[in-house]
Amino acid sequence: PCLAPLVDDAPPGDKWVHEIKWDGYRLVAFVDEGKVRIQTRNGHDWTSRFPSIAEAIGDLEVGSAILDGEAVVEDENGHSSFSRLQEALSNGGDARQAIFYAFDLLYRDGEDLRSLPLGERKARLAELVPPSARGALRLSEHMEVDGRAMLRHACQLGMEGIISKRRDLPYRSGRSGD
């Protein structure tokens, strides 16, 4: 997957969009004719560890797709809690209460979308997982605001932080400043 470097401040300018940084496990979900495989960023198959997410992704109205996102367990305030996720998965268990926040769509029905700009991939993802979606599969929405202000607000709300992404660039695997 595409990975972000850790920096102290959000980049300025309107070429960036900003999302909430979820405190969970980075996963890539593959769906093919209703059959779902959920894979960690290191290539481990964790489908059985996230049965509710697998079911929700399998219900998508799509023949095949690859979604990039984060599995989280939320606390009573709606914040992602890594410790609660780890607790749910401890001793080989599964995280039925986990939510998959999809933030990118890499492939859909025979079309490799990675060369498209992020803005277009996000629009196609929103067609598949609408912003109103609730349950085990949700859209990780981006905001077109000043990144520094968003980071301040995220910190004030006790969130993990933000992820800033260039709206005009393709998907590139590995760690970069995109």
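Every value quoted in this text rests on a predicted model; they were computed, and no experiment measured them.
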Enclosure of D14 CG (heavy-atom neighbours >12, cutoff 6.0 Å): no
F103 ring center within less than 6.0 Å of W22 ring center: no
Non-hydrogen atoms of Y101 and S140 that approach each other most closely: CB-CB, 4.1 Å
Residues which pass salt bridge (Lys or Arg N to Asp or Glu O under 4.0 Å) with D146, listed by chain and number, not counting sequence neighbours: none
S64 to G110 - nearest heavy-atom pair and separation: OG-N, 3.8 Å
Rounded distance (nearest 0.5 Å) linking atom CG of L116 with atom OH of Y171: 14.0 Å
Nearest non-hydrogen partners of A10 and I162, listed with the distance: CB-CD1, 3.8 Å
Flag side-chain contact, heavy atom, 4.5 Å: D104 against L67: no
Non-hydrogen atoms of I66 and L105 that approach each other most closely: O-CD1, 3.5 Å
Salt bridge present between E19 and K122 (N-O < 4.0 angstrom): yes
Within-4.5 Å side-chain heavy-atom neighbours: P131 and E141: yes
Heavy-atom side-chain proximity of L118 to V17 below 4.5 angstrom: yes
Check: Y25 ring centre within less than 6.0 Å of F50 ring centre: no
Student check: side-chain heavy atoms of D9 and L151 closer than 4.5 Å: yes
Verdict with reasoning, I99 to V73, per side chain to side chain contact (heavy atoms under 4.5 Å, CB included): CA-CA 6 Å; I99 298 164; V73 171; over 6 Å; no
Pair E70 + R41: basic N to acidic O under 4.0 Å: no
Least distance between heavy atoms, I53 atom then A71 atom: CD1-CB, 4.0 Å
Greater than 12 external heavy atoms within 6.0 Å of R96's CZ: no
Derivation of the side chain to side chain contact (heavy atoms under 4.5 Å, CB included) call for L128 and R108: CA-CA 10 Å; L128 192 60; R108 181 171 182 183; 3.8 Å; yes
Value rounded to 0.5 Å, distance of CE in M150 from CD1 in I163: 10.0 Å
Audit row: W46, L89, side chain to side chain contact (heavy atoms under 4.5 Å, CB included) steps and yes/no: CA-CA 10 Å; W46 276 18; L89 294 170; 4.1 Å; yes
Smallest separation among heavy atoms of T40 and L27, with atom names: CA-CD2, 3.9 Å
Side chain to side chain contact (heavy atoms under 4.5 Å, CB included) assessment of V129 paired with L139: CA-CA 6 Å; V129 182; L139 179 67; 4.1 Å; yes
Beyond-backbone contact of L85 with D23, side-chain heavy atoms, under 4.5 angstrom: no
Test salt bridge (Lys or Arg N to Asp or Glu O under 4.0 Å) applied to E144 and R167, step by step: CA-CA 10 Å; E144 299 180 15; R167 75 172 75 230; 3.4 Å; yes
Residues, nucleotides or ligands: over 12 heavy atoms within 6.0 Å of R166 CZ: yes
Pairing of R26 and D68 as salt bridge, 4.0 angstrom limit: yes
Check ion pair E76-R84 (N to O, under 4.0 angstrom): yes
Cationic N near anionic O, under 4.0 Å, D168 to K15: no
Six-ring centre of F30, R37 cation under 6.0 angstrom, axis tolerance 45°: yes
Heavy-atom side-chain proximity of P170 to R172 below 4.5 angstrom: yes
Residue pair C2 / S173, side-chain heavy-atom distance below 4.5 Å: no
Side-chain donor-acceptor pair present, T47, D45, cut-off under 3.5 Å: yes
